[in-house]
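Presented below is the structure to which this report refers.
In what follows, every heavy atom counts, from backbone to side chain, and hydrogens, waters and symmetry copies are set aside. Quick note: residue numbers are just sequence positions, from 1.
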Amino acid sequence: MYSFTDWRGYGDWNFVGLRNYIHMFSDADTGNAYLFTFKFAVITTILVNVISLILACALNAKIKFKNTIKAFYFLPYMLGSLIVGFIFNYIFANLIPQLGKGLGIKALSVNILGTNNAIWGIIAVSLWIGCAFNTLIYIAGLQSIDTDVYEAADLDGATGFRRFSKITFPLLAPSFTINMVLSAKGYLMVYDQIMAMTEGGPNSSSETISIIIYKTLVKYNNTGYASAMAVI
């Protein structure tokens with residue numbers, strides 16, 4: 001209802017029809033937020049699932065200290081994205097530039113979060129957080145595959161990538177579907193780590209849909225317009 005009004009979150013309001021919706025499709029800031037969000041979600045969803053699948057296959061093999069390694073890689077997921085975001089904000093702003101200057105590497109000598117390439121810093125942190133849960137799902141899927149299938153494949157001479165592409169990956173389809181859906185949903189709603197790392201900057205270049213709705217609602221007190229964006 002409020003998306004069809006000019007309500008500011010307090011006091012009286014007037015009915016404005018489709019004005020908020022029409023403005024949304026002509027507002028450059030909103031359009032950029034949508035583009036950034038979809039770009040971020042697509043890239044991160046693909047990368048997190050590729051990396052998680054590789055990690056799951058490695059951790060599912062017969063290696064030493066398997067459970068200890070699992071505990072270490074799952075730690076970022078338990079910390080929470082907001083805490084991890086603040087930690088990496090400090091790392092990107094202080095530690096990496098110092099390291100870059102010491103090594104004479106120009107690309108590492110600046111805070112990536114203050115440049116137009118901030119998205120890659122955010123993606124790197126999001127991957128570090130997201131891989132833990134996705135890997136856990138893939139490991140569960142790998143352990144549910146009957147070993148008889150692999151024994152039969154060995155007898156038929158299927159090894160390496162052929163065995164993975166013809167047996168392992170098709171049988172992991174349910175786990176793959178779950179991870180893709182949950183990853184896409186989570187990254188389309190991304191908020192915590194970006195607020196902790198860039199707050200949508202520099203110059204609103206890393207604003208997502210969630211952040212621009214929040215700013216419109218809280219910073220500009222434009223509840224009607226924020227409600228229209230939330231509906232979309």
field: Side chain Asn222, main chain Leu217, donor-acceptor under 3.5 Å
entry: no

message: Can you confirm whether Tyr187 sits close enough to Val48 that some side-chain heavy atom of one is under 4.5 Å from a side-chain heavy atom of the other?
response: yes

- prompt: With a 4.5 Å heavy-atom cut-off, do Ser165 and Phe169 have their side chains touching?
  reply: no

message: Does Glu207 form a side chain to side chain contact (heavy atoms under 4.5 Å, CB included) with Asn32? I'd like the steps, not just the answer.
response: CA-CA 8 Å; Glu207 274 188 350; Asn32 290 333; over 6 Å; no

message: Are the side chains of Ile194 and Glu199 in contact, using a 4.5 Å heavy-atom criterion?
response: no

query: Under the 3.5 angstrom rule, does the side chain of Asn20 hit a backbone N or O of Thr5 as a donor-acceptor pair?
result: yes

- prompt: Step by step, would you call Tyr225 with Tyr220 a ring pair (Phe, Tyr, Trp, His ring centres under 6.0 Å)?
  reply: CA-CA 10 Å; Tyr225 187 41; Tyr220 304 116; 9.9 Å; no

query: Do Met189 and Leu182 sit in the same hydrophobic cluster, where Ile, Leu, Val, Met, Phe, Trp and Tyr count as joined when their side-chain heavy atoms come under 4.5 Å apart?
result: no

- prompt: So how far is it from Leu142 CG to Ile145 CD1, rounded to the nearest 0.5 Å?
  reply: 5.0 Å

query: If you group Ile, Leu, Val, Met, Phe, Trp and Tyr by side-chain heavy-atom gaps below 4.5 Å, do Met195 and Leu79 land in one group?
result: yes

query: About how many Å separate CG of Leu113 and CD1 of Ile96, when rounded to the nearest 0.5 Å?
result: 8.5 Å

Heavy-atom side-chain proximity of Phe4 to Leu18 below 4.5 angstrom: yes

query: Is the closest side-chain heavy-atom distance between Leu53 and Phe176 below 4.5 Å?
result: no

Donor-acceptor pairs under 3.5 Å, side chain of residues 120-137 to any protein atom, not counting sequence neighbours: which ones?
{"from": "Ser126", "atom 1": "OG", "to": "Ile122", "atom 2": "O", "distance (Å)": "2.8"}
{"from": "Ser126", "atom 1": "OG", "to": "Gln193", "atom 2": "NE2", "distance (Å)": "3.1"}
{"from": "Asn134", "atom 1": "ND2", "to": "Ser183", "atom 2": "OG", "distance (Å)": "3.0"}
{"from": "Thr135", "atom 1": "OG1", "to": "Cys131", "atom 2": "O", "distance (Å)": "2.5"}

- prompt: Which residue pairs pass the ring-ring contact (aromatic ring centres under 6.0 Å, His included) test with at least one member in residues 192-215, sequence neighbours excluded?
  reply: Tyr191-Tyr214

message: Please determine whether residues Met1 and Val16 belong to a single hydrophobic cluster, defined as Ile, Leu, Val, Met, Phe, Trp and Tyr linked transitively by side-chain heavy-atom distances below 4.5 Å.
response: no

field: Minimal non-hydrogen separation, Ser109 against Pro97, with atom names
entry: O-CB, 3.6 Å

message: Apply side chain to side chain contact (heavy atoms under 4.5 Å, CB included) to residues Ile212 and Thr208 and explain how you reach the verdict.
response: CA-CA 6 Å; Ile212 198 169; Thr208 61; over 6 Å; no

- request: Measure the spacing between OG1 of Thr30 and CZ of Phe25 and express it to the nearest 0.5 Å.
  value: 10.0 Å

message: Quick check against the 3.5 Å criterion: does Thr44 have a side-chain atom that pairs as donor or acceptor with the backbone of Ala41?
response: no

query: Are Phe40 and Ile213 linked, directly or through other ILVMFWY residues, by side chains that come within less than 4.5 angstrom of each other?
result: no

Ser3 side chain vs Ala228 backbone, donor-acceptor pair below 3.5 Å: no

query: Is a donor on one side and an acceptor on the other found under 3.5 Å between the side chain of Asp27 and the backbone of His23?
result: no

query: Do side-chain atoms of Asn89 reach the backbone of Gly85 as a donor and acceptor pair under 3.5 angstrom?
result: no

task: List the steps and the verdict of side chain to side chain contact (heavy atoms under 4.5 Å, CB included) for Tyr21 and Val231.
output: CA-CA 10 Å; Tyr21 290 95; Val231 169; 3.6 Å; yes

- prompt: Parallel, tilted or perpendicular: which describes the rings of Tyr2 and Trp13, with under 30° parallel and over 60° perpendicular?
  reply: perpendicular

query: Should Leu188 and Leu47 be regarded as members of a common hydrophobic cluster, given that ILVMFWY residues are connected when their side-chain heavy atoms come within less than 4.5 Å of each other, either directly or indirectly?
result: no

query: Relative to the ring of Phe92, is the ring of Phe88 parallel (under 30°), tilted (30 to 60°) or perpendicular (over 60°)?
result: tilted

- prompt: Considering residues, nucleotides and ligands other than Asn116, do more than 12 of their heavy atoms fall under 6.0 Å from its CG?
  reply: no

field: Nearest-0.5 Å distance that lies between atom CD1 in Ile46 and atom CD1 in Ile51
entry: 11.5 Å

statement: dist Asn111:CG -> Leu95:CG (nearest 0.5 Å) comes out at 11.0 Å

message: I need the single residue from Ile119, Val190, Ile211 that forms a side chain to side chain contact (heavy atoms under 4.5 Å, CB included) with Phe36. Which is it?
response: Ile119

task: Might you confirm whether atom CZ of Phe15 has over 12 heavy atoms from other residues, nucleotides or ligands at distances under 6.0 Å?
output: yes

Backbone of Asn14 reached by a side-chain donor or acceptor of Asp6 within 3.5 Å: yes

message: Show me the pairs that pass side chain to side chain donor-acceptor pair (under 3.5 Å) and involve residues 143-154, at least two apart or across chains.
response: Tyr150-Thr168, Asp154-Arg163

message: Please evaluate residues Asn60 and Tyr138 with respect to the criterion side-chain hydrogen bond (donor to acceptor under 3.5 Å, both in side chains), reporting the C-alpha separation (whole Å), side-chain torsions for both, the decisive distance (0.1 Å), and the verdict.
response: CA-CA 9 Å; Asn60 195 51; Tyr138 282 129; over 6 Å; no

- prompt: Do Cys57 and Phe164 have side chains that get closer than 4.5 Å, going by heavy atoms?
  reply: yes

